[in-house]
Amino acid sequence: INKWMDVTTRLFEPRDEAEVRRVFAQEGAPAATPAAQAHRTKALEWLTAEDIAQWYARFFVAERGGEIVGFVGARGDDERSPRTVGDSVEVLRLCVSPAHRRRGVATALMRALHGWAAGVGARVAALTTTTRHAAAVGLYERLGYELASTTPRSGITLLRFRRSLR
């Protein structure tokens with residue numbers, strides 16, 4: 001359990017599944033394309049306690065006042081064994097309830113993830129977002145991430161970021 005400002009971060013527990021799904025369902029603007037909407041629908045289906053346990057090396061939740069207001073996951077760099085962390089971790093599914101954005105929740109989650117990843121020997125954290133998520137891009141840059149590549153795909157641009165954990 002970590003505390004940052006008035007936000008507490010901790011590891012996901014199976015009893016958190018319904019609240020995590022609620023936060024994800026509230027998240028964000030409408031999808032830019034039908035393919036993006038299909039991806040979002042599938043992502044919600046995969047936010048079960050069973051899938052989180054199988055596909056994430058770690059999954060953190062953020063609480064404010066006893067309510068889950070955000071979450072983030074990480075997996076190792078080998079997709080065949082996502083729970084195994086080597087040199088790098090992939091940051092996945094950073095999500096904060098709209099009512100709690102710009103109030104330190106995402107920073108608290110990322111600090112918890114970075115601390116854990118460095119503690120298990122990862123040297124780099126990487127993530128992908130899109131140009132549609134300008135606030136997230138600003139957050140990642142403030143946290144020390146650097147743009148590594150851009151990839152146009154289906155009417156959007158994917159942005160790949162990396163950050164040293166040393």
For the pair Trp116 and Leu165, evaluate side-chain contact (heavy atoms from CB on, under 4.5 Å) and give the outcome as yes or no after the intermediate values.
CA-CA 10 Å; Trp116 161 78; Leu165 294 172; over 6 Å; no
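- Side-chain contact between Thr150 and Leu158 is absent, with no heavy-atom pair separated by less than 4.5 Å.
- Here the side chains of Asp87 and Val124 are not in contact, with every heavy-atom distance at 4.5 Å or above.
- Not a single side-chain hydrogen bond (donor to acceptor under 3.5 Å, both in side chains) links Arg102 to another residue, sequence neighbours left out.
- Considering every non-hydrogen atom in both Val7 and Ala62, the closest pair reads CG1-CB, 3.8 Å.
- Of all the heavy atoms in Gly70 and Val105, the pair that sits closest is CA-CG1, 4.3 Å.
- Annotation: the span from Ile52 atom CD1 to Asp16 atom CG amounts to 8.5 Å, rounded to 0.5 Å.
- No side-chain heavy atom of Thr128 sits less than 4.5 Å from a side-chain heavy atom of Phe161.
- Here Leu159 contributes atom CG and Arg132 contributes atom CZ; the two are 13.0 Å apart, rounded to the nearest 0.5 Å.
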Would you check, one step at a time, whether the test side-chain contact (heavy atoms from CB on, under 4.5 Å) holds for Val61 with Thr9?
CA-CA 6 Å; Val61 297; Thr9 57; over 6 Å; no
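- Residue Phe12 holds its CZ atom at 8.5 Å from CG of Leu47, rounded to the nearest 0.5 Å.
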Any chance you could lay out the side-chain contact (heavy atoms from CB on, under 4.5 Å) test for Thr151 and Thr157, step after step, and finish with the verdict?
CA-CA 6 Å; Thr151 307; Thr157 301; over 6 Å; no
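- For Arg166, the salt bridge (Lys or Arg N to Asp or Glu O under 4.0 Å) criterion is met by no residue, not counting sequence neighbours.
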Let's go through Leu92 and Leu127 carefully: what are the C-alpha distance in whole Å and the side-chain angles of both, what is the deciding distance for side-chain contact (heavy atoms from CB on, under 4.5 Å) to 0.1 Å, and is it a yes or a no?
CA-CA 7 Å; Leu92 300 167; Leu127 59 89; over 6 Å; no
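- Within the model, atoms CE of Met110 and OG1 of Thr107 stand 9.0 Å from one another, a figure rounded to the nearest 0.5 Å.
- Ring-centre distance between Phe59 and Phe71: below the 6.0 Å cut-off.
- Follow the hydrophobic side-chain contacts under 4.5 Å out from Val91 and you reach Val120 in the same cluster.
- Here Ile156 contributes atom CD1 and Thr129 contributes atom OG1; the two are 9.0 Å apart, rounded to the nearest 0.5 Å.
- Scanning for salt bridge (Lys or Arg N to Asp or Glu O under 4.0 Å) contacts around Arg160 gives Glu90, with sequence neighbours left out.
- Among residue pairs with one or both ends in residues 52-75, those qualifying as salt bridge (Lys or Arg N to Asp or Glu O under 4.0 Å) are Asp6-Arg64, Arg10-Glu63, Arg22-Glu67, Arg75-Glu79; sequence neighbours excluded.
- Annotation: salt bridge (Lys or Arg N to Asp or Glu O under 4.0 Å) contacts of Arg163 (sequence neighbours excluded): none.
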Side-chain atoms of residues 139-147: list all donor-acceptor pairs with protein atoms under 3.5 Å, sequence neighbours left out, distances to 0.1 Å.
from, atom 1, to, atom 2, distance (Å)
Arg142, NH1, Gly138, O, 3.3
Tyr145, OH, His114, NE2, 2.7

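- Between Val85 and Ala57 the shortest heavy-atom distance is CG2-CB, 3.9 Å.
- Using a 4.5 Å heavy-atom cutoff, the side chains of Thr48 and Arg21 are in contact.
- Using modelled atom types, one finds a donor on one side chain and an acceptor on the other under 3.5 Å when comparing Thr130 with His133.
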